[in-house]
Protein chains: 2
Amino acid sequence: MATSPVERVEKRTRLSTAAEAWILMHRIHWAEKPRFMAIGQEFDLAPQQGMALRALHEPRPMGELAKFLACDNSNVTGIVDRLEERGLVERRPAEHDRRVKLIVLTEEGHRVRREIERRITEPPRAIAELSKQDQLALRDILRRALANEPR
Amino acid sequence: MATSPVERVEKRTRLSTAAEAWILMHRIHWAEKPRFMAIGQEFDLAPQQGMALRALHEPRPMGELAKFLACDNSNVTGIVDRLEERGLVERRPAEHDRRVKLIVLTEEGHRVRREIERRITEPPRAIAELSKQDQLALRDILRRALANEPR
DNA sequence: TATTGTTATACTCTATAACTATA
DNA sequence: TATAGTTATAGAGTATAACAATA
């Protein structure tokens, strides 16, 4: 069978340097997914529950948590419900606006959060095994990159 | 209230260079989640459906797809069902082992996959706005990092 | 009127366990 | 017996729309 029109289009233009760097970063990150999930399971936390915990080093209103989790406001209700049932967070009414509810970590919540944070922070082999020089250069470049982020 | 035992532990040891680089990378990647989801929604694809499509530049058996998606084998059945209903993939029996089913992209599947790939490949501002020199250094370091990955 | 958070709904993804058809 | 894929089930996350309380 001759090359189809679809296959001909397949030959894409070469990646820019930035695009290649981005895709490599994406690949390294994706490879860590099983580890992330395993960490959550150790604490019997679903992925978004773990992420919510991570976001709560300071008390936050539901809406802010929704933005952090990149999901709809209505989903946060259930996620916080489950964390609350396990005694990891509390809903606390805000003084300035009685519509707002602040989500606050309990002591147990703080404990679990710190442990998760410690585990996730461990760099993957891909990065840990880079030369010291590469690690420093990588860190500095990424610091500059993050300064470019909208916020 | 005096500093609780829990709060005292909060003061964590400083991050290693590798750990800081990893966390910065994690943060840049996480910031792209809304964009990833928006791309999926444009094509009316749930996240894992999009990821499955991306993995199928070559035909793969169900089990291999499960590994790539970092989920149980049984989930892939439903994901492939939905892609098949939309005419994006086909199940094809493997010749060498009649238990195995190869998942193959249709022409439409190839078309959608290429478009998604193109969109995801676009680097985020954080990286695109780095100096050319930083971009090159970042790419080279990440290439070396990926060579450290198990596979 | 607008906003914060909740509820109801329907769909997707998830792991586990039991099943089938092959090997 | 072991493996590839499916089905059944129950729980979690998802967006949408309608709602209550408050601003």
Side-chain angles (χ1 to χ4, degrees), chain A residues 30 33-56 59-86 88-104, chain B residues 30 33-56 59-86 88-104:
Chain A
W30 180 260
K33 191 189 170 192
R35 203 186 94 203
F36 289 159
M37 300 207 309
I39 293 171
Q41 278 175 334
E42 271 181 59
F43 297 92
D44 203 34
L45 289 171
Q48 286 290 71
Q49 291 173 26
M51 289 308 303
L53 228 49
R54 295 188 66 200
L56 287 170
R60 289 183 195 284
M62 298 290 283
E64 212 174 300
L65 205 45
K67 260 178 228 152
F68 183 86
L69 295 176
C71 71
D72 192 85
N73 218 309
S74 62
N75 302 322
V76 181
T77 298
I79 293 167
V80 168
D81 280 351
R82 291 181 273 276
L83 290 174
E84 198 167 29
E85 278 163 23
R86 288 190 44 187
L88 299 176
V89 305
E90 280 175 17
R91 273 176 242 239
R92 187 177 298 174
E95 297 102 352
H96 63 292
D97 184 339
R98 287 189 343 210
R99 292 172 302 180
V100 174
K101 289 175 191 169
L102 284 177
I103 314 307
V104 189
Chain B
W30 180 260
K33 192 189 171 193
R35 203 186 94 202
F36 289 160
M37 300 208 306
I39 292 171
Q41 279 175 333
E42 271 181 59
F43 296 93
D44 202 34
L45 289 171
Q48 286 291 70
Q49 292 173 26
M51 288 308 302
L53 228 48
R54 295 189 66 199
L56 287 170
R60 288 184 196 281
M62 298 289 284
E64 212 175 298
L65 205 45
K67 260 178 228 153
F68 183 86
L69 295 176
C71 71
D72 192 84
N73 218 310
S74 63
N75 302 323
V76 181
T77 298
I79 292 167
V80 168
D81 280 352
R82 291 182 274 276
L83 291 174
E84 198 167 29
E85 279 163 23
R86 288 191 41 189
L88 299 175
V89 306
E90 280 176 17
R91 274 176 241 240
R92 186 176 297 174
E95 297 102 352
H96 63 292
D97 185 339
R98 287 189 344 211
R99 292 172 302 182
V100 174
K101 288 175 192 170
L102 285 176
I103 314 306
V104 189

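Letters go in sequence order (proteins before strands), and every chain restarts at 1. Predicted model, so just to flag it, every value in this text is computed and none were measured.
Applying a 4.0 Å cut-off to non-hydrogen atoms, the residues of residues 88-103 of chain A that approach DNA chain D are D97(A), R98(A), R99(A), listed by residue number. Residues from residues 70-82 of chain B lying near DNA chain C, meaning a heavy-atom separation below 4.0 Å, are C71(B), D72(B), S74(B), N75(B), I79(B), R82(B) in numerical order.
Residue-level contact check: P47(A) touches neither bases nor backbone, having no heavy atom under 4.0 Å from any strand.
Not counting sequence neighbours, Q41(A) has no partner by the side chain to side chain donor-acceptor pair (under 3.5 Å) test. The side chain to side chain donor-acceptor pair (under 3.5 Å) test applied to R92(B) returns no partner, not counting sequence neighbours. Applying the salt bridge (charged side-chain N to carboxylate O under 4.0 Å, His left out) test to R98(A) and every residue at least two apart in sequence or in another chain returns nothing. The side chain to side chain donor-acceptor pair (under 3.5 Å) test applied to R35(B) returns E32(B), not counting sequence neighbours. Listed by chain and number, the residues in a side chain to side chain donor-acceptor pair (under 3.5 Å) with R60(B) are E64(B) (sequence neighbours excluded). For the salt bridge (charged side-chain N to carboxylate O under 4.0 Å, His left out) test, no residue two or more places apart in sequence or in another chain qualifies with R82(A). Shown here are the salt bridge (charged side-chain N to carboxylate O under 4.0 Å, His left out) partners of R99(B), two or more places apart in sequence or in another chain: D97(B).
Each of M37(A) and E64(A) was assigned the nucleotide of DNA chain C with the nearest heavy atom; the assignment lying further toward the 5' end belongs to E64(A).
For DNA chain D, the outermost nucleotides in 5' to 3' order that have an atom under 4.0 Å from a heavy atom of chain B are dA2(D) to dA15(D).
Formation of a donor-acceptor pair under 3.5 Å by the E84(B) side chain with backbone atoms of R91(B) is found in this model.
Between L56(B) and V104(B), the closest side-chain pair of non-hydrogen atoms is not below 4.5 Å. Between R86(B) and D44(B), the closest side-chain pair of non-hydrogen atoms falls below 4.5 Å.
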Show me the donor-acceptor pairs within less than 3.5 Å that the side chains of residues 65-79 of chain A make with the rest of the protein, sequence neighbours left out.
from, atom 1, to, atom 2, distance (Å)
D72(A), OD2, S74(A), N, 2.9
D72(A), OD2, S74(A), OG, 2.9

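dT4(C) atom P lies 14 Å from atom CG of L65(A), rounded to whole Å. Put simply, CE on M62(A) is 18 Å from P on dT3(C), counting in whole angstrom units. In this structure, CD of Q49(B) is placed 11 Å from P of dT14(C), rounded to the nearest angstrom.
Residue Q41(A) places no side-chain N or O under 4.0 Å from the OP1 or OP2 atom of dT14(C).
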